[in-house]
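To start, the structure under review is shown below, and the notes come after it.
Letters A, B, ... mirror the listed sequences (proteins, then strands); counts begin at 1.
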There are 2 protein chains.
Amino acid sequence: MSADAGTPPAARPLRADALRNRRRVIEAATEAFARSGIAVPMDEIAESAGVGVGTLYRHFPTKEALFAAVVRHHLEVLVDEARRLQGADDPGSALFAFFGRMVEEASSKQDVVEALNQAGVDFKSASGDLKKEFSAAVAALVQRAREAAAIRADVEDQEVLSLLAGACMATAHLGTGAECRQRVVQVICDGLRSPTAATP
Amino acid sequence: MSADAGTPPAARPLRADALRNRRRVIEAATEAFARSGIAVPMDEIAESAGVGVGTLYRHFPTKEALFAAVVRHHLEVLVDEARRLQGADDPGSALFAFFGRMVEEASSKQDVVEALNQAGVDFKSASGDLKKEFSAAVAALVQRAREAAAIRADVEDQEVLSLLAGACMATAHLGTGAECRQRVVQVICDGLRSPTAATP
DNA sequence: CAGGATACGGAACCTCGGTTCCGGTTGTCA
DNA sequence: TGACAACCGGAACCGAGGTTCCGTATCCTG
């Protein structure tokens with residue numbers, strides 16, 4: 001795992017203790033945001049990281065910047081996953097696998113759900129490119145699935161994205177168990193299969 | 001439309017201007033919450049109602065109480081709709097019709113989405129009974145559809161509720177148009193149809 | 001090891017939004 | 001119409017949480 005996630009300019013040596021603290025902060029923030037979303041107070045993150053709030057702001061100019069950094073990392077993982085699946089044999093299974101993976105991921109990461117939902121975060125300037133990358137990666141999966149007639153032809157990329165987001169939000173908020181989550185995904189994926197080209 | 005929505009104790013005459021203001025407040029709050037969800041400031045509601053904040057608090061003890069009253073009204077409408085549909089000829093169409101209706105409703109009512117999502121509001125004590133009523137009404141629709149084999153047998157009531165909520169959240173937040181909304185609903189409804197008992 | 005730059009902690013500051021309070025106003029009733 | 005009670009407006013109050021500031025501690029270099 002790239003522990004330097006969130007060090008765009010680089011080039012600067014960065015003192016030893018500073019680097020240690022930065023890592024602690026990212027770790028604590030990742031945990032806190034995953035648990036309670038962006039609503040978690042900065043003080044709380046600082047405390048669980050074992051540093052003062054000042055240190056948080058020395059590494060990230062604003063709370064949203066910290067949030068964006070954390071979410072960006074999660075999204076990167078998902079984009080990687082999507083790209084890996086683009087090379088899969090069965091485009092249909094690939095898309096559906098991603099669907100399941102994503103929902104499972106979101107179920108334990110409140111921040112991802114909120115980011116998907118744009119709740120409160122700017123998330124456009126901060127990680128606009130990545131968001132675009134994410135959409136593009138999913139769109140590619142959809143495209144391949146559509147060409148293989150693995151999904152119905154009358155749904156746009158946008159709709160699949162919406163369904164993805166909806167599935168994440170629904171399963172993340174309503175107290176649903178793992179198997180419940182899977183069935184929800186199953187229903188949506190079945191719905192996505194072309195009615196004229198259902199599994200034989 | 002029952003304009004007195006939110007007058008549980010009643011029995012008190014309530015002065016003329018007070019009644020007028022109460023209606024204005026509810027109207028303004030309904031509009032404001034629908035537009036921006038519970039995040040809208042009380043001051044703003046007061047202003048657009050043409051009253052002072054004090055008046056808001058004279059009629060509703062707390063912001064959440066006001067929010068709950070507004071949401072309660074929306075839910076009542078939906079519960080009525082669900083009950084009406086319970087008597088429909090085709091249980092499958094009834095459920096799917098409700099699905100579409102609900103999503104359409106939520107698409108213009110941010111507050112309903114948030115209530116569904118439990119975002120911030122207590123919503124349990126305030127309108128707990130109604131929430132239960134709502135769930136029950138939907139469950140009844142699901143039950144009938146299941147008995148008529150109009151939907152697959154392997155989904156629980158809870159999952160349908162989740163799918164409903166997910167559809168609302170997805171379509172409400174991501175800037176999706178009306179036709180896009182319909183396709184999303186279509187996909188989910190198709191997914192809900194029993195794979196072994198699809199439309200002939 | 002000394003000197004200076006770099007970081008740190010966390011109290012103080014500021015803004016925002018819910019809630020309260022009270023002097024003034026308005027409806028109602030005799 | 002006069003008097004009282006019910007209401008009203010909106011300034012003031014308060015707590016929460018993001019952000020800033022500065023004296024102090026720590027790290028690195030010569």
Side-chain angles (χ1 to χ4, degrees), chain A residues 6-7 9-29 32-33 35-70 110-111 114 119-123 126, chain B residues 6-7 9-29 32-33 35-70 111 114 119-123 125-126:
Chain A
T7 316
R12 196 181 48 177
L14 203 57
R15 230 169 68 177
D17 56 343
L19 183 60
R20 178 168 46 78
N21 279 337
R22 158 177 272 269
R23 284 183 176 146
R24 281 183 183 175
V25 165
I26 292 179
E27 187 180 3
F33 284 141
R35 179 165 35 75
S36 320
I38 201 175
V40 67
M42 286 296 258
D43 308 34
E44 202 171 298
I45 296 176
E47 185 180 13
S48 76
V51 304
V53 271
T55 300
L56 258 56
Y57 284 92
R58 201 160 306 106
H59 289 289
F60 299 91
T62 192
K63 182 184 185 181
E64 289 199 355
L66 176 55
F67 185 82
V70 170
Q110 179 68 17
D111 50 355
E114 285 177 10
V121 214
D122 190 291
F123 194 56
Chain B
T7 316
R12 197 181 46 177
L14 203 58
R15 229 170 69 175
D17 55 344
L19 183 60
R20 178 169 45 77
N21 280 337
R22 158 178 274 268
R23 284 183 175 145
R24 283 183 182 175
V25 164
I26 293 178
E27 188 179 1
F33 285 142
R35 179 164 35 74
S36 322
I38 202 176
V40 68
M42 286 296 256
D43 307 35
E44 200 171 301
I45 296 176
E47 184 179 14
S48 75
V51 303
V53 272
T55 300
L56 259 56
Y57 284 92
R58 200 161 306 106
H59 290 289
F60 299 90
T62 191
K63 182 184 185 179
E64 289 200 355
L66 176 55
F67 184 82
V70 169
D111 50 354
E114 285 177 11
V121 215
D122 190 290
F123 195 56
S125 53

What's touching nucleotides 26-30 of chain C from the protein side, N or O pairs under 3.5 Å?
from	atom 1	to	atom 2	distance (Å)
C:dT26	O2	B:Arg15	NH1	3.2
C:dT26	O2	B:Arg15	NH2	3.3
C:dG27	O4'	B:Arg15	NE	3.3
C:dT28	OP1	B:Ala16	N	3.3

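- In this structure, OH of B:Tyr57 is placed 17 Å from P of D:dC13, rounded to the nearest angstrom.
- Summarising the geometry, the separation between CZ on B:Arg22 and P on D:dA6 is reported as 17 Å, rounded to the nearest angstrom.
- Distance CG (A:Leu56) to C1' (D:dG18): 11 Å, rounded to an integer number of Å.
- A:His59 has its NE2 atom 18 Å from the P atom of D:dG18, to the nearest Å.
- B:Tyr57 places a side-chain heavy atom less than 4.5 Å from the side chain of B:Met42.
- Across the protein-nucleic acid pair, A:Lys63 atom NZ and D:dA16 atom C1' stand 11 Å apart, rounded to whole Å.
- Between A:Leu19 and B:Asp43, the residue anchored closer to the 5' end of DNA chain C is A:Leu19, taking for each the nucleotide with the nearest heavy atom.
- No donor-acceptor pair under 3.5 Å is formed between the side chain of A:Ser36 and the backbone N or O of A:Phe33.
- What separates CD of A:Glu64 from C1' of D:dG17 is a distance of 14 Å, to the nearest Å.
- The nearest pair of heavy atoms linking A:Gly52 to A:Ala46 is C-CB, 3.9 Å.
- The minimum heavy-atom distance between A:Ile45 and A:Val25, with the atom names listed, is CG2-O, 4.4 Å.
- With sequence neighbours left out, the side-chain contact (heavy atoms from CB on, under 4.5 Å) criterion links B:Arg58 to B:Thr55.
- Taking the side chain as every heavy atom from C-beta outward, B:Lys63 and B:Ile38 approach each other to under 4.5 Å.
- Closest approach of A:Gln110 and A:Arg35 over heavy atoms only: CB-O, 4.1 Å.
- Between the CZ atom of B:Phe60 and the P atom of C:dG18 there is a distance of 15 Å, rounded to whole Å.
- When side chains are defined from C-beta on, A:Phe60 counts as touching A:Ile26, because their heavy atoms get closer than 4.5 Å.
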Pairs under 3.5 angstrom, nitrogen or oxygen only, protein versus nucleotides 9-12 of chain C, please.
from	atom 1	to	atom 2	distance (Å)
C:dG9	OP2	A:Gly52	N	3.0
C:dG9	OP2	A:Thr55	OG1	2.4
C:dG9	O6	A:Arg58	NH2	3.3
C:dG10	N7	A:Gly54	N	3.4
C:dG10	O6	A:Gly54	N	3.4

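- Checking the phosphate oxygens (OP1, OP2) of C:dG18, no side-chain nitrogen or oxygen of B:Thr62 falls inside 4.0 Å.
- Straight-line distance from the CZ atom of A:Phe67 to the C1' atom of D:dG18: 16 Å, rounded to whole Å.
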